[in-house]
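Below is one structure, written out as structure tokens; comments come after it.
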Amino acid sequence: MSSITTINPATEEELHTYTLMSERDASDRVEACHAAQMEWRKLSHAERAPYLTKIADKLRAHADELAALMTRETGKLLKDGHTEVEICAAICDYTAQHGPELLADEERRHGPEGKRGVVSFQPIGVIYSIQPWNFPLYQPVRVLAANLMAGNGCVLKHASICTGSGLRLRELCIEAGLPEDLFQVVVIDHDISDTLIADPKIRGVTLTGSAQAGRHVGAEAAKALKKTVLELGSNDAYLVLEDADIETAVKFSIMGRLYNNGETCVSAKRFIVTDKVYDAFVDAFVAQMQAIRLGDPTDADSQLGPLSSQEQFDKVKDQVDDSVAKGATLLCGGAAPDRTGAYYPATVLADLAPGMPAHDDEIFGPVASVIRAKDDADAMRLANESRYGLGGGIFSRDAERALKLARDHFDTGMIRINSFGAADPNMPFGGVKDSGYGREHGGFGMKEFVNAKSIFLP
């Protein structure tokens, strides 16, 4: 394969063809990024901050264009694209505002005499960022902003289906004044990607993707003794406890399952509902899922757009069909409309059991898995049985009790109580178990790829 062609999943029209780079071309870009980073690292954190503020301004100024591009490449609702642009700008603003303080030298004491020590958070070099298609701007920006503030350079390998979004992001960063070689985008295949991981000028690797991709990239990086941050998706459980307010639970469960066409790592995916409220929740939830308007992602009335590609459509369809064949009950959806595009309807499955894809695996689309629990304790047990642990949620009228359950018992990285949301610049983002390791946002991401350097003074 010498080129890739992006395709609009709503219309099936070809958008653009890109020639894949050679290994030499990709290595040259790493080399150029390294040279730029050697100069960038000389700036103070306060001197780096204005670049991020200008990038935020540039993103907001081009919000309409960027949202439309993401919709063409991935099928996301146009309004969700606008939300994504604003999240990216907010991340840049947060990093510019808080980075200098969070990364400032820390004074410590050492030895029995309490002599002076300094901990300095120094950049390590070029970070290789491998990102997926579901958030074409947000995924690369959250890595880029943190590492620019830390003093690192960044080389992005984006998912092929949103190549245009990655290249346009780089153009806008340069227009905002960022040194041209400090942020590079490489259009390459997986073999050349593995070669870049081994390149001595790559000092860290971060990936968002499947657990399978994480195992491969993590292994390749480990061979070269490179640190990694891996965010590997999930099968997030949302618990509807015995005292849950059903109206609230249904509202945020719909939102949580269908946000970004259901193609979100922290989507609400498994709905673990206690027996006491099971019928009330399921009746209301299914009724609202059946009423969801599936349609053109550029139409303001559409509540659900197409999946990102025919390949993704086929995968979701196979997972649902396999689950039904193994005994799952289809409560709504499950049959794609006869129309052009990778459209899949809002779907609810019940009577699930281990061994079914809808029970065990992540379904990256608008498919909800409803699982009955005997009581609250059983619901928490079922939630924690998953091999994943990225996000999750608890619906309960007793928010303090839910907080205690979330803090002490829920084996996952992020938990929403009586709400749903994807990411916040001020809160750490990341998971446990097969959902990976490392954190982004909340100041944590800025310290993932730094040298915490200990300096002992006499």
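Heavy-atom basis, side chains included; hydrogens, waters and symmetry copies ignored. All values reported here derive from a predicted model rather than from experimental measurement.
Between Ile254 and Gln288 there is a side-chain heavy-atom pair separated by less than 4.5 Å. Side-chain contact between Val30 and Leu196: present, with at least one pair of heavy atoms (C-beta onward) separated by less than 4.5 Å. Ile363 has its side chain within reach of Val316: a pair of non-hydrogen atoms, C-beta onward, lies under 4.5 Å apart. Between Arg293 and Leu304 the shortest side-chain heavy-atom distance does not fall below 4.5 Å.
Salt-bridge check for Arg215 with Asp434: passed, with a basic side-chain N closer than 4.0 Å to an acidic carboxylate O. The pair Glu448-Lys227 counts as a salt bridge, with a side-chain nitrogen and a carboxylate oxygen less than 4.0 angstrom apart. We find that Arg401 and Asp376 are joined by a salt bridge, their nearest charged nitrogen and carboxylate oxygen being less than 4.0 Å apart. In this structure, Arg270 does not pair ionically with Glu362, as no charged nitrogen and carboxylate oxygen lie closer than 4.0 Å. The pair Lys251-Glu247 fails the salt-bridge criterion, with no side-chain N (NZ, NE, NH1 or NH2) lying under 4.0 Å from an Asp/Glu carboxylate O. Classification of Arg397 and Asp245 as a salt-bridged pair holds, one side-chain N sitting under 4.0 Å from a carboxylate O. Ion pairing of Arg381 with Asp378 is present here, as a side-chain N (NZ or NE/NH1/NH2) and a carboxylate O approach within less than 4.0 Å.
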Please report the C-alpha distance between Glu263 and Lys76 in whole Å, then the side-chain angles of each, then the deciding distance to 0.1 Å, and finally whether the salt bridge (charged side-chain N to carboxylate O under 4.0 Å, His left out) criterion is met.
CA-CA 9 Å; Glu263 297 169 315; Lys76 69 169 65 225; over 6 Å; no
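Counting non-hydrogen atoms of other residues, nucleotides and ligands closer than 6.0 Å to CE of Met255 gives a total above 12.
Note: Tyr138 and Phe429 have perpendicular aromatic rings, judged against thresholds of 30 and 60 degrees for the angle between ring planes.
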